[in-house]
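Computed from heavy atoms alone, side chains included, the values below leave out hydrogens, waters and symmetry copies.
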Amino acid sequence: MKRVLEKVLDKLLKIEEKDAIAASYPDLTAGVAGYLKVHEKDINHKSRFEDACEAIIIKHPWAKGVIQEMKNKWGIPWIDKENLPQRFHPRLLNPGWLVEDADTPELQELQDKLKAANEQNQEIIRREIWELRKNYRQEIQKIIDSFYPGNNPADWYVLAAGDGDSMSEWLQGKKLEKYGDYIPSQLSVNLDSFQKFLEVKKHMGPSTHNALSRALLDFSNQLVPYLTQQRYAGRLIYAGGDDVLAYTNLWEWDNCLWDIRQCFRGDKDP
């Protein structure tokens, strides 16, 4: 579904501008963006990634066709929206997915034979197709291992989910303190009634409720997208009120989640 939406939405919505709807979604290899961002100042990491991808394409030219439309659509705003030139897509480092989309003359020949074969020979041809794809996977994995022995950056990603504690109690006013905790200490009123008022527990009135709702709205609509997609190389999946669901990566997830926590608490920016 997601692969065809961008091809029909412009017609359905009568949008004439080319690429006005350019949908891109991170797959499970897009965590490589975090690897590249963290090591942005060390050109060796980007060079190794590009060298590994190029070696795969040299050995298997058909792989270039697999990533042709997706190489500039990682689904990670830090990569996609900053217009960073991308020659390759991290899916090249996932042999299983790459071979799944392979379309080679050898495979096409076997597929044609399969269609024309009788039932007895179909199983033999299916086995040949399986063996050919297996060989492709093994050859690609061997190349990847030569650049990333046991530490392929495309193998790692993080899905982070969180929500605020006891938000219902906050909205009901149960977590509010005495009025004295919300009034500046410099304010001094020499009245017994005012001193008694300061000891009264604050109520959740309309203005306080609106202020809390507005703070949650700004948190989910402004701060979380900025932290997830600009400060870090992640992708926000959902943010509403105190709920957050985000795609992030192995190299940044801890700092990203800590910043979101500090932001929600209203603490200083780390």
Side-chain angles (χ1 to χ4, degrees), residues 2 5-6 9 15 17-50 53 67 69-94 153-164 167 211-270:
K2 69 180 182 181
L5 272 179
E6 65 176 288
L9 278 180
I15 298 175
E17 182 183 352
K18 186 178 180 181
D19 293 333
I21 300 177
S24 59
Y25 307 85
D27 62 29
L28 302 187
T29 67
V32 174
Y35 163 75
L36 295 177
K37 189 174 189 301
V38 167
H39 300 294
E40 192 174 7
K41 295 181 180 180
D42 186 349
I43 192 64
N44 291 325
H45 290 277
K46 184 176 182 181
S47 296
R48 186 192 302 180
F49 167 70
E50 293 182 343
C53 293
I67 67 160
E69 293 187 5
M70 65 175 71
K71 65 180 181 181
N72 288 321
K73 297 179 181 179
W74 288 33
I76 302 296
W78 179 76
I79 288 282
D80 297 342
K81 292 187 177 180
E82 293 298 327
N83 296 318
L84 299 174
Q86 299 301 323
R87 297 169 54 203
F88 306 108
H89 190 280
R91 183 169 289 198
L92 284 167
L93 300 187
N94 187 302
D155 288 345
W156 306 97
Y157 68 94
V158 175
L159 290 178
D163 61 2
M167 285 308 301
L212 179 56
S213 297
R214 182 69 217 189
L216 290 172
L217 182 65
D218 289 341
F219 169 75
S220 60
N221 286 5
Q222 302 293 329
L223 296 172
V224 175
Y226 164 73
L227 292 173
T228 307
Q229 302 183 161
Q230 294 185 42
R231 178 174 292 186
Y232 299 103
R235 178 68 180 266
L236 181 62
I237 300 172
Y238 173 80
D242 63 308
D243 295 309
V244 175
L245 179 62
Y247 177 106
T248 181
N249 58 79
L250 183 68
W251 296 266
E252 298 181 315
W253 72 271
D254 50 349
N255 289 330
C256 180
L257 295 185
W258 179 259
D259 287 1
I260 291 175
R261 176 184 184 273
Q262 295 298 90
C263 177
F264 186 77
R265 288 167 55 90
D267 287 344
K268 292 182 178 181
D269 190 336

Asn249 and Trp156, any side-chain heavy atoms less than 4.5 Å apart: no

Interatomic spacing from CG in Asp267 to CZ in Arg261 - rounded to 0.5 Å: 7.5 Å

Pairwise side-chain contact, Asp242 with Phe219, heavy-atom cut-off 4.5 Å (strictly under): no

Gln229: partners by side chain to side chain donor-acceptor pair (under 3.5 Å), with sequence neighbours left out: none

Partner residues of Ile237 under the side chain to side chain contact (heavy atoms under 4.5 Å, CB included) criterion, sequence neighbours left out: Leu159, Leu245, Tyr247

From CA spacing to verdict: side-chain contact (heavy atoms from CB on, under 4.5 Å), Thr29, Leu93: CA-CA 8 Å; Thr29 67; Leu93 300 187; over 6 Å; no

Contact summary for Gln230 and Trp78, nearest pair of heavy atoms: O-CD1, 4.4 Å

Straight-line distance of Asp269 CG to Leu223 CG, nearest 0.5 Å: 9.5 Å

Polar side-chain atom of Asp243 near backbone of Asp163 as donor-acceptor pair, under 3.5 Å: no

From Asp27 atom CG to Ile76 atom CD1, the distance as rounded to the nearest 0.5 Å: 9.0 Å

Exam field: side chain Lys73 to backbone His89, donor-acceptor pair closer than 3.5 Å: no

Contacts of type ring pair (Phe, Tyr, Trp, His ring centres under 6.0 Å), residue Tyr35, not counting sequence neighbours: His39, His45, Trp251

Spatial distance of atom OG1 (Thr248) from atom CG (Leu236) [nearest 0.5 Å]: 11.0 Å

Partners passing salt bridge (Lys or Arg N to Asp or Glu O under 4.0 Å) against Asp155 (at least two apart in sequence or in another chain): none

Partner set under side chain to side chain donor-acceptor pair (under 3.5 Å) for Ser220, not counting sequence neighbours: none

Side chain to side chain contact (heavy atoms under 4.5 Å, CB included) partners for Asn44, two or more places apart: Asp42

Side chain to side chain donor-acceptor pair (under 3.5 Å) partners of Tyr232, counting only residues at least two apart: Asp259

Note, Phe88 side chain near Val32 side chain (heavy atom, < 4.5 Å): no

From Leu28 atom CG to Tyr157 atom OH, the distance as rounded to the nearest 0.5 Å: 4.5 Å

Inter- and intrachain pairs under salt bridge (Lys or Arg N to Asp or Glu O under 4.0 Å), touching residues 211-221, at least two apart: Arg214-Asp218

Contact summary for Pro77 and Gly75, nearest pair of heavy atoms: CD-O, 3.8 Å

Validation row: Val244, Leu257 side chains within 4.5 angstrom (heavy atoms): no

Sidechain N-carboxylate O distance under 4.0 Å for Asp80, Arg235: no

Pairs where residues 244-255 contributes a residue and the test salt bridge (Lys or Arg N to Asp or Glu O under 4.0 Å) is met, not counting sequence neighbours: none

Smallest separation among heavy atoms of Ala154 and Pro90, with atom names: CB-O, 4.1 Å

